[in-house]
Amino acid sequence: MSDSSPAHPAVPVLDVWCELQCPDCRSALDDLRALRARYGDRLELRLRHFPLEKHKHAFAAAQAAEEAAEQGQAWPYVEAVLGRIEELNRKGEPFLVEVARELGLDAEEFDTALIDGRHILIVDADQAEGKAIGVTGTPTYVIDGERLDGNKSQEGLRERIEEIVDRLLAEDTSAS
């Protein structure tokens with residue numbers, strides 16, 4: 001079966017294991033914004049969930065982020081919640097619905113999703129996969145099989161990610 005259309009190069013994927021009640025993940029937003037600005041759609045940032053037990057609203061927040069993804073607003077939602085961790089700590093689930101409403105998303109649907117647990121399996125699967133590959137805290141990045149732990153220190157991580165992405169993009173152009 002030959003396809004005459006030009007081969008569409010696969011975009012490198014950066015898995016971002018994240019937790020929405022985690023101050024370190026909030027600090028990582030600047031790096032993620034910079035990566036997005038530098039690569040645009042030449043790099044796929046993929047949100048992965050790793051709610052930590054010490055944060056009691058993290059599991060609900062992960063489900064809410066999945067609902068935001070379903071409504072096409074994953075990263076704006078993640079950034080909005082991470083930007084106001086203190087409110088999440090204080091208000092819990094009602095705050096997750098409030099943020100959805102502020103972003104113009106279907107807040108009723110968020111409410112229902114948190115009640116019916118429709119996204120629990122995705123969050124559980126992410127968490128299990130994270131544990132299997134050695135994720136112990138957030139943020140943790142995985143790109144091209146390399147795991148970078150931002151929960152210990154974020155120093156130099158963006159540079160390392162850029163090195164890997166640049167190499168992958170260069171390999172891709174030389175292959176075509």
Side-chain angles (χ1 to χ4, degrees), residues 8 10-29 31-33 35-36 41 43-152 154 157 161:
H8 187 67
V11 175
V13 174
L14 174 64
D15 276 328
V16 183
W17 300 85
C18 179
E19 200 245 41
L20 298 192
Q21 220 176 335
C22 164
D24 290 337
C25 288
R26 171 163 58 194
S27 322
L29 283 178
D31 282 343
L32 294 175
R33 285 189 195 108
L35 289 166
R36 213 179 283 130
D41 54 12
L43 172 66
E44 183 188 340
L45 292 181
R46 194 162 58 186
L47 176 67
R48 306 301 299 273
H49 304 290
F50 202 76
L52 303 166
E53 276 171 19
K54 64 181 177 185
H55 294 139
K56 68 173 191 248
H57 304 301
F59 195 77
Q63 294 175 67
E66 275 306 308
E67 181 56 38
E70 201 132 294
Q71 296 189 30
Q73 293 286 320
W75 286 108
Y77 186 81
V78 165
E79 292 196 19
V81 173
L82 279 173
R84 294 155 65 189
I85 291 174
E86 298 74 14
E87 278 182 83
L88 175 57
N89 294 344
R90 205 169 56 244
K91 300 179 185 169
E93 291 190 21
F95 171 70
L96 297 169
V97 176
E98 191 181 304
V99 171
R101 189 172 291 116
E102 286 167 14
L103 290 173
L105 298 170
D106 182 342
E108 300 312 308
E109 208 48 52
F110 269 78
D111 207 26
T112 309
L114 289 170
I115 293 164
D116 70 19
R118 67 183 73 157
H119 301 299
I120 286 177
L121 289 175
I122 294 174
V123 177
D124 280 346
D126 270 4
Q127 201 166 25
E129 187 184 328
K131 284 181 178 154
I133 62 168
V135 174
T136 54
T138 55
T140 296
Y141 307 98
V142 177
I143 182 160
D144 197 33
E146 184 170 337
R147 191 179 78 234
L148 305 158
D149 293 330
N151 55 321
K152 296 182 179 57
Q154 296 184 40
L157 280 189
I161 291 168

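Note that the coordinates shown come from a computational prediction; the quantities given were computed from them, not determined experimentally. Numbers here simply count residues along the sequence, with the first being 1.
- The pair Glu129-Arg46 fails the salt-bridge criterion, with no side-chain N (NZ, NE, NH1 or NH2) lying under 4.0 Å from an Asp/Glu carboxylate O.
- Listed here is the closest heavy atom pair of Leu20 and Ala65: CD1-CB, 4.0 Å.
- Scanning all heavy atoms of the two residues, the minimum distance from Val99 to Ala80 falls at CG1-CB, 3.6 Å.
- Within a 6.0 Å radius of CD in Glu146, more than 12 heavy atoms belonging to other residues, nucleotides or ligands are found.
- Atom CG of Leu148 is separated from atom CH2 of Trp17 by 13.5 Å, given to the nearest 0.5 angstrom.
- Contact check for His57 versus Phe95: no side-chain heavy atoms found under the 4.5 Å cut-off.
- The shortest non-hydrogen separation linking Leu114 to Ala64 is CD2-N, 4.2 Å.
- Within the 4.5 Å cutoff, the side chain of Phe50 has no heavy atoms near those of the Thr140 side chain.
- Between the side chain of Glu44 and the backbone N or O of Val11 there is no donor-acceptor pair closer than 3.5 Å.
- Using a 4.5 Å heavy-atom cutoff, the side chains of Arg26 and Arg84 are not in contact.
- Within 6.0 Å of CG in Asp116 there are more than 12 heavy atoms belonging to other residues, nucleotides or ligands.
- Here CD of Gln127 is found 9.0 Å from CD of Glu19. Values are rounded to the nearest 0.5 Å.
- Atom NZ of Lys91 has more than 12 neighbouring heavy atoms from other residues, nucleotides or ligands inside a 6.0 Å radius.
- Residues satisfying the side chain to side chain donor-acceptor pair (under 3.5 Å) criterion with Glu66, sequence neighbours excluded, are His49.
- Note that the SG atom of Cys18 and the CG atom of Leu45 stand 11.0 Å from one another [nearest 0.5 Å].
- Closest approach of Ala60 to Glu93, counting heavy atoms only: CB-OE2, 3.5 Å.
- Taking Gln71 as the reference, Glu67 meet the side chain to side chain donor-acceptor pair (under 3.5 Å) condition, with sequence neighbours excluded.
- For the pair Tyr141 and Leu35, the minimum side-chain heavy-atom distance is 4.5 Å or more.
- Rounding to the nearest 0.5 angstrom, the gap separating the CZ atom in Arg147 from the CG atom in Asp15 is 13.0 Å.
- Residues meeting the side chain to side chain donor-acceptor pair (under 3.5 Å) test with Asp31, sequence neighbours left out: Arg158.
- A distance of 14.0 Å separates OG1 of Thr138 from CZ of Arg48, quoted to the nearest 0.5 Å.
- Minimum heavy-atom separation, Asp111 to Val97: OD1-CG2, 3.8 Å.
- When side chains are defined from C-beta on, Leu96 counts as touching Tyr77, because their heavy atoms get closer than 4.5 Å.
- Salt bridge annotation for Arg118-Glu70: absent, with no cationic side-chain nitrogen under 4.0 angstrom from a carboxylate oxygen.
- The side-chain heavy atoms of Leu32 and Val78, taken from C-beta on, include no pair separated by under 4.5 Å.
- Across every non-hydrogen atom of Pro51 and Val123, the tightest pair is CG-CG1, 3.8 Å.
- Expressed to the nearest 0.5 Å, how far OG1 of Thr136 lies from CG of Asp149 amounts to 5.5 Å.
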